[in-house]
Amino acid sequence: MALPKPYVSPSQLNMYLRCPAQYKYRYIDNIILPPRSAITKGRAVHKGQEHNYRQKVETFQDLKLSEIQEVAAAEFETFAEETEWEKDEDPGKAKDEAISLTTLYHTEVSPQVQPVLVEEAVSVPLDSGYSIYGFIDVLDNQGYIRDTKTTARTPSASEADKSLQLTAYSLAYRELMGIPEKGVILDYLVQTKTPKVVSLKAKRTKRDIKRFLAIVGGVVEAINNDIFYPNPGNFMCNEKNCGYWKLCHADF
Ligand code: SF4
């Protein structure tokens, strides 16, 4: 699918809502920061999952764990070079954690999922001229839209209810298929002392989608009017977690 222009992706939308100044630095000024360790770990896990599911659409079989671990390890190595590691972070330990989460996903989640679509690009044109654009991780044969997250903390039970990303994919699914999906699922891989899976299931209604479109409309209007202000109240606003900290404190 050709990239629609202009577009807003679920992650862009979340970034604008979290901090409009951060959105401006990333998507208007195009200042791309090196990934942090959590992103690199998440990419590795995601790549292993994608490698397995792409073939499972046809074969209905999961690949051997060792192959998935190798794919995840290779992805980790590729991105480790460009990752911005904190002084107290050990890339070797981070790689072990990525493999451990990959193993967890492959042994506990993959056997329950028969994918129909994997990494499917979706685009929904809006009246504003923008499109909503993104990739559905997995659509399973039960009609569930699934997405995977890696995290250090156990997520709250409402995360799947609140996820704008899943609402965006629900909207895209309905545009594509002409019927509602069965539901949405967030599979969290939690990097606690003993790693665990937390799968959260939710539904989307027409009301949720209407509300989502109102949020997107507001964000697009603000972007078109160059409304970009700092939001120091957001959870990422500290020197460690926001790579734009110095720039932002010089500008505002
Ligand atoms: S430092 Fe805080 S307010 Fe500034 S861009 Fe980063 S998150 Fe936003």
Side-chain angles (χ1 to χ4, degrees), residues 3 5-46 79-91 94 97-98 101 126 128 130-135 137 147-156 158-169 186 188-192 200 211-252:
L3 197 64
K5 281 198 173 173
Y7 73 89
V8 62
S9 68
S11 60
Q12 289 176 7
L13 187 64
N14 281 326
M15 185 181 279
Y16 187 93
L17 293 169
R18 186 168 63 239
C19 179
Q22 198 178 56
Y23 176 94
K24 174 185 175 290
Y25 292 131
R26 172 60 186 85
Y27 292 107
I28 306 295
D29 301 341
N30 210 23
I31 303 170
I32 301 171
L33 300 171
R36 302 290 174 98
S37 60
I39 299 289
T40 299
K41 278 196 281 185
R43 275 180 175 160
V45 174
H46 195 269
F79 286 99
E81 288 173 19
E82 63 185 68
T83 300
E84 190 174 319
W85 298 99
E86 297 290 331
K87 281 192 196 109
D88 58 350
E89 281 180 329
D90 173 2
E97 288 170 352
L101 293 181
L126 304 174
S128 60
Y130 274 68
S131 294
I132 296 166
Y133 178 72
F135 291 85
D137 262 14
D147 200 81
T148 306
K149 305 280 180 208
T150 52
T151 176
R153 289 186 195 84
T154 302
S156 77
S158 63
E159 289 301 323
D161 294 320
K162 292 188 302 188
S163 166
L164 290 179
Q165 183 186 21
L166 289 179
T167 312
Y169 297 154
L186 273 182
Y188 277 95
L189 301 175
V190 190
Q191 186 77 66
T192 37
L200 302 172
R211 185 173 160 83
F212 171 78
L213 288 171
I215 294 168
V216 175
V219 168
V220 164
E221 192 177 338
I223 292 169
N224 282 336
N225 285 291
D226 290 333
I227 298 174
F228 302 111
Y229 52 88
N231 174 20
N234 86 77
F235 76 98
M236 278 186 74
C237 189
N238 57 57
E239 197 161 2
K240 186 176 173 197
N241 286 329
C242 180
Y244 304 112
W245 176 269
K246 285 199 177 96
L247 203 53
C248 178
H249 283 76
D251 287 348
F252 295 99

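Just so you know, ligand 1 is whichever comes first in the structure, and atom 1 is the first atom listed for that ligand. Numbering of residues begins at 1 and proceeds along the displayed sequence.
Within a 6.0 Å radius of CG in Leu213, more than 12 heavy atoms belonging to other residues, nucleotides or ligands are found.
Cys19 SG, 2.3 Å is the protein heavy atom nearest to atom 8 (Fe) of ligand 1. Atom 7 (S) of ligand 1 has as its closest protein heavy atom Asn234 ND2, 3.4 Å. Atom 2 (Fe) of ligand 1 has as its closest protein heavy atom Cys237 SG, 2.4 Å. For atom 6 (Fe) of ligand 1, the nearest protein heavy atom (residue, atom name, distance) is Cys242 SG, 2.3 Å.
Checked by atom type and distance alone, the side chain of Asn14 never pairs as donor or acceptor with a backbone atom of Leu164 at under 3.5 Å. A distance-only check finds a donor-acceptor pair linking the side chain of Tyr244 to the backbone of Ile31 [under 3.5 Å]. The main-chain N or O of Met236 is found under 3.5 Å from a side-chain atom of Asn234 such that the two form a donor-acceptor pair.
Checked against the 6.0 Å centroid threshold, Phe135 and Tyr133 count as a close aromatic pair.
For atom 4 (Fe) of ligand 1, the set of nearby N, O or S atoms under 2.8 Å includes one belonging to Cys248.
In summary, the atoms of ligand 1 found under 4.0 Å from a heavy atom of Trp245, numbered by their order in the structure, are 1 (S). Proximity to Asn231 (heavy-atom distance under 4.0 Å) selects the following atoms of ligand 1: 3 (S).
Exactly one residue among Glu89, Glu86, Glu82 makes a salt bridge (Lys or Arg N to Asp or Glu O under 4.0 Å) with Arg36. That residue is Glu86.
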